[in-house]
Asker: 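My questions all concern the structure below.
Order of listing sets the numbers, starting from 1, for every ligand and every atom in it. This chain uses plain numbering: 1 for the first residue, then up along the sequence.
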Amino acid sequence: MRTQVGIIGAGPAGLLLSHLLHLRGIDSVVLETRTREQIESTIRAGVLEQGTMDLLTEAGVGARMKAEGALHHGFELAFEGKRRRIDLTGLTGHSITVYAQHEVIKDLVAARVAADGALRFGVTDTSLHGIDTDKPSIRYRHEGEECELQCDFVIGCDGSQGVSRASIPQALRKDYERVYPFGWFGILCEGPPSSDELVYARHERGFALVSTRSANVQRMYFQCDPKDSVDNWSDDRIWAELHARVDSHDGQHVVDGKIFQKNIVGMRSFVSATMQHGRLFLAGDAAHIVPPTGAKGMNLAVADVRVLTNALNAFYVENRTDLLDSYSQTALKRIWRAEHFSYWMTSMMHRIDGASPFEQQLQVAELEYVTTSRAAATAMAENYVGVAAV
Ligand code: DHB
């Protein structure tokens, strides 16, 4: 079998790339190890930057996001018993939408299916061949058969544990990594929102985040030991912890609900440079990871795909290779900006075991500054909505 662009991974990066290429008349096949049901139900973050919203809308897959997502013009920082608002729209002219990543996935899968796009679920034994020639291929097993997909380009959108990044020789790559000694405990619950806007809370017991999914479903997180197990946390214990961390801030209180999902995520910063080798290009988590604070992960994947789509389009339409050649360099500017922002927000908001009283006061001083200086608040806001200069 032959296609122009072979895409490994049906996450936001792979599916969006396939859809955008289709809109430009470029053919692709998407290979995914999981099932459609699995990718459409995996719980991830839910904040879409302005540029992500715009791209989904331009690509004709933004209708449900607009109807069911919630447009937010600001968020709150809670610390030292008080709450301060970051006025995203007032400071930047832009906003964000709270809309779950798996809903974006559903919209993209529906668009690919409607266009008769080639999407193979449940593939195994994927391997890449000839990526340093102009005839690369992907071998895999699907429904009991050995298959080979010949293509012009292979795009690795298969996440941090996928086969794609590992296909770039280690000697040509540099990995940058930081592992944080804490994780996030996430819950989904039935009930009304606790707040009109997201609340990021710094508390001596640890960080907490109040987010939302809809009028009846809420998403909340609190800092935990990454090695802890959800089985150690009864609903009562979870609510006690969230109340302790969030309610102590002026006028703020969490509204309890029926918890129907619990998970723990570790926190890591990671960048692979380069993000390309020969005819292989990486996008999204296959090339970089951010800790969740600030919700940059999916937005970075979408930004990679925007750059890659333009580069592939320039190749097919104008026979230009310059945009492909500079893909990593272009994408990495935005990635490092987001890496810094996510690291910075994480470091400012979390309880760091072993931090000295001096270091704790620095966290508070930084929060005071971003919530009182218009210049500092603007810097935070433009990173949050995703329009910071890079
Ligand atoms: C959500 C996740 C985040 O990491 C964040 O910073 C804000 C919101 C969420 O899942 O709603």
Asker: Under a 4.0 Å heavy-atom limit, does Trp184 contact ligand 1 with its side chain, its backbone, both, or neither?
Answerer: side chain
Asker: Under the 3.5 angstrom rule, does the side chain of Gln363 hit a backbone N or O of His350 as a donor-acceptor pair?
Answerer: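 Pair found, side chain donor or acceptor close to backbone of His350.
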Asker: Where is the nearest protein heavy atom to atom 8 (C) of ligand 1: which residue, which atom, and how far?
Answerer: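 Nearest neighbour among protein heavy atoms for atom 8 (C) of ligand 1, to 0.1 Å: Val47 CG2, 3.5 Å.
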Asker: Does the side chain of His243 pick up a donor-acceptor pair with the side chain of Asp256 at under 3.5 Å?
Answerer: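 Present: a donor and an acceptor within the cut-off.
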Asker: In ligand 1, which numbered atoms sit nearer than 4.0 Å to a non-hydrogen atom of Gly46?
Answerer: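 Reading through ligand 1 atom by atom, the close ones are 9 (C), 10 (O).
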Asker: Taking distance alone, with N or O pairs closer than 3.5 Å, would you say Val98 contacts ligand 1?
Answerer: no
Asker: Short N/O distance, under 3.5 Å, between Tyr221 and ligand 1?
Answerer: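 Yes: some nitrogen or oxygen of Tyr221 is under 3.5 Å from one in ligand 1.
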Asker: Give the contacting part of Ser211 toward ligand 1: side chain, backbone, both or neither, where contact means a heavy-atom distance below 4.0 Å.
Answerer: side chain
Asker: Indicate yes or no: does an N/O atom of Tyr200 lie under 3.5 Å from an N/O atom of ligand 1?
Answerer: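 N/O-N/O distance below 3.5 Å exists for this pair.
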Asker: Could you tell me if Ser272 and Arg165 have a donor-acceptor pair between their side chains, going purely by distance under 3.5 Å?
Answerer: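 No, Ser272 and Arg165 have no side-chain donor paired with an acceptor closer than 3.5 Å.
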Asker: Considering the heavy atoms of Gly294, write down every atom of ligand 1 situated less than 4.0 Å from one of them.
Answerer: 6 (O)
Asker: For a quick check under 3.5 Å, do Asn383 and Trp344 share a side-chain donor-acceptor pair by atom type?
Answerer: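 Result is no, nothing qualifies.
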Asker: Around atom 4 (O) of ligand 1, find the nearest protein heavy atom and jot down its residue, atom name and distance.
Answerer: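 Its nearest protein heavy-atom neighbour is Pro292 O, 2.5 Å.
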Asker: Checking side-chain polar atoms at under 3.5 Å, does Tyr176 have a donor or acceptor matched by the opposite partner on Ser269?
Answerer: no
Asker: Counting only N and O atoms by type, is there a donor-acceptor contact under 3.5 Å from the side chain of Gln50 to the main-chain atoms of Ser95?
Answerer: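 Yes; at least one donor-acceptor contact below 3.5 Å.
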Asker: I need the atoms of ligand 1 closer than 4.0 Å to a non-hydrogen atom of Leu198, numbered in the order shown.
Answerer: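 The list of qualifying atoms is 7 (C), 8 (C).
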Asker: So for Met345, does at least one of its heavy atoms come nearer than 4.0 angstrom to any atom of ligand 1?
Answerer: no
Asker: Looking at ligand 1, does Leu209 have a heavy atom less than 4.0 Å from it?
Answerer: yes
Asker: Do Phe207 and Phe182 have ring centroids that are under 6.0 Å from one another?
Answerer: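 No, they do not, as the ring centres are separated by 6.0 Å or more.
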Asker: Ignoring hydrogens and angles, state whether a donor on the side chain of Arg351 or Gln223 is under 3.5 Å from an acceptor on the partner side chain.
Answerer: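 Arg351 vs Gln223: no donor-acceptor pair found between side chains.
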